[in-house]
Each structure stands twice: as structure tokens, then as C-alpha cells.
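In what follows, a structure is listed as C-alpha cells, so that the remarks can point back to it.
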Amino acid sequence: MPVIVAGDSAGGNLAAVAAQRARDDGAPPLALQILVYPATDCDLETRSYRAPENQLLLSRDLMIRFWDSYLPDTASRTAPTASPLRAADLSGLAPAEIITAEYDVLRDEGEAYAERLREAGVPVGLRRFEGQMHGFFTMTGLLPGSDRALDHIVERIHARLSQRTIRTAGTPPRSRLHSPTATATTEGGHSDVR
């Protein structure tokens, strides 16, 4: 039975940390990690954190309050168990599918995590949803972007699990999800990140 870890925002942080712990602790291999606008770093000075247009449902000020509540000791925030982007080694992790939103303070760290995974040889798909803000994924039926994001994730899970069945049978992988090249997609088109 394939195991997938998934989460959005702080849940994306927990899913990323769970994937790292699964690798480090010798747990059964994960089939996929799904990270929807994940909080992967404690750096509150990125361009997406500072952009005025991103101060919507989730703002820089609110993230400061969240970090202060979650880990009052600022020195502990840089540990990979709190900021998975800062892990020294990301190789050997489960393939990942990462979604970011254009107007989100967490956008840059989610995309940076995808790049670090790709550099470590982890198959990763990255899709930024243009015109969307933090929290859009959970607004199914209200925002068309949410429905498209959910469809995208379902498609990627299906592709990954189909790929897994093919690989188990000894057939070489057919899906780009297994390529160490990250797939980057925006609402306006598709491009490869190399």
C-alpha cells in the first residue's frame, strides 16, 4: 500500500519534515509528498514576504505571530525539523509535488524548496497558481483556481501511483514525475526548470 504525506501551509511543513524523518529513520519509503504552499523556512525577509500585494489572508505580520507562538526560541527555528529548507541533505527523499500561489508570503520558500529538491536529484513537480492567494486550495467550489489545483494534485497522485505499478513490474519509468528535472507550471503555460 503506497504511503503519501500531504499538507498545506503549516501542514506542508509537517509533511516535508515527515518525509525527511521517514528517510532518516529508515521508515518504509513514501510514494509521494504533496506540499501545498508549504512553510519551509523561518526567513521572513524574502521578496514574497515583503511584497505589499501578498499581505492578504496570510501576511508577514501574521507569520511573525505564528512563529512566535510555535517556536518562541528563535535559534531553534533554523533546525531542519522547523525549517525543512535548511536541511543539509535532501537526497533520497520521496518524489514531491509542490503547489504555490502567486500572492502568498510563502511562495518564495515553497519554490526554493522545490529547487533544492531538484538539485538533490529528487523528482519534483512545481506549479504556481497565478492570481491565487494563500489558502485558495481549500476553497473548492468557491474559487476556480482551487478546483484546478485539486484536479492537478489528483492527476499527479494518479500518475505517480501508476508509475509505481509500472516500476514494480520492472518496466522503465514513463512519467516525467520521476525525472530529476523539476517540472514548473504556471496557469499560463508549462516550462521545465533545469
Side-chain angles (χ1 to χ4, degrees), residues 1-41 80-101 104 106-129 132 136-138 145-146 148-187 189-194:
M1 176 72 57
V3 176
I4 297 172
V5 293
D8 75 304
S9 194
N13 172 285
L14 296 175
V17 171
Q20 290 180 20
R21 294 287 304 268
R23 177 203 59 193
D24 296 344
D25 295 347
L30 299 175
L32 184 64
Q33 49 180 323
I34 298 170
L35 312 175
V36 178
Y37 35 75
T40 62
D41 195 22
T81 52
S83 293
L85 179 63
R86 295 179 186 240
D89 180 18
L90 297 178
S91 65
L93 293 177
E97 188 64 36
I98 299 175
I99 286 180
T100 61
D104 185 1
L106 302 180
R107 183 192 66 226
D108 290 348
E109 63 195 83
E111 293 175 3
Y113 194 65
E115 178 62 18
R116 287 266 336 271
L117 289 169
R118 185 197 63 78
E119 289 171 355
V122 175
V124 59
L126 169 64
R127 183 163 178 183
R128 179 193 292 182
F129 280 78
Q132 300 301 317
F136 85 96
F137 185 79
T138 61
S146 176
R148 286 191 299 272
L150 185 58
D151 289 345
H152 174 74
I153 291 299
V154 169
E155 173 188 302
R156 299 319 302 152
I157 290 171
H158 177 73
R160 174 64 182 150
L161 296 183
S162 296
Q163 177 79 42
R164 187 175 166 91
T165 302
I166 291 167
R167 290 187 83 190
T168 302
T171 305
R174 294 186 300 188
S175 168
R176 288 193 44 81
L177 192 59
H178 282 284
S179 169
T181 301
T183 302
T185 307
T186 64
E187 293 284 8
H190 176 85
S191 64
D192 291 330
V193 178
R194 298 204 187 268

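Values in this document were obtained by computation on a predicted structure and should not be read as measured data.
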**Report entry** For Ala15 against Leu35, the heavy-atom pair lying closest together
**Finding:** CB-CD2, 3.7 Å
Report task. Provide the closest heavy-atom pair for Ile98 versus Gly110 in the form atom of the first, atom of the second, distance. Result -> CG2-O, 3.9 Å
Requested in this report: Just do the side-chain contact (heavy atoms from CB on, under 4.5 Å) check on Glu155 and His158 with the steps written out, would you?
Outcome: CA-CA 5 Å; Glu155 173 188 302; His158 177 73; 5.8 Å; no
**Report entry** Thr100 versus Glu111, closest heavy-atom pair with distance
**Finding:** OG1-OE2, 2.8 Å
**Report entry** Interatomic spacing from CG in Asp104 to CZ in Arg128 - rounded to 0.5 Å
**Finding:** 10.5 Å
Query - Interatomic spacing from CD1 in Ile34 to CD1 in Ile157 - rounded to 0.5 Å - result: 3.5 Å
Query raised in the report: Where do Ser146 and Phe137 come nearest, in terms of heavy atoms and distance?
Result: OG-O, 2.8 Å
Requested in this report: Measure the spacing between CZ of Arg127 and CD1 of Ile153 and express it to the nearest 0.5 Å.
Outcome: 9.5 Å
Query raised in the report: How long is the span from the OG1 atom in Thr81 to the CG atom in Asn13, to the nearest 0.5 Å?
Result: 9.0 Å
Requested in this report: Starting at OG1 of Thr40, measure out to CG of Leu117 and round the result to the nearest 0.5 Å.
Outcome: 9.0 Å
Report task. Show your working on side-chain contact (heavy atoms from CB on, under 4.5 Å) between Arg23 and Asp89 and close with a plain yes or no. Result -> CA-CA 11 Å; Arg23 177 203 59 193; Asp89 180 18; 4.2 Å; yes
Query raised in the report: Taking atom CG of Leu32 and atom CG of Leu161, what is their separation to the nearest 0.5 Å?
Result: 7.5 Å
Query - Glu109 side chain vs Leu85 backbone, donor-acceptor pair below 3.5 Å - result: no
Query raised in the report: Is it true that a side-chain atom of Arg116 and a backbone atom of Ala87 form a donor plus acceptor pair closer than 3.5 Å?
Result: yes
Query raised in the report: When the ring planes of His152 and Phe129 are compared, do they come out parallel, tilted or perpendicular, using 30° and 60° as the limits?
Result: perpendicular
Report task. For the pair Gln132 (side chain) and Ala101 (backbone), establish whether a donor and an acceptor sit closer than 3.5 Å, ignoring hydrogens and angles. Result -> no
Query - Closest contact, heavy atoms only, Leu106 versus Tyr37 - result: CD1-O, 3.5 Å
Query raised in the report: Closest heavy-atom contact between Ala16 and Tyr113?
Result: CB-OH, 3.9 Å
Report task. Examine distances only and state if a side-chain atom of Gln33 and a backbone atom of Ala19 form a donor-acceptor pair shorter than 3.5 Å. Result -> no
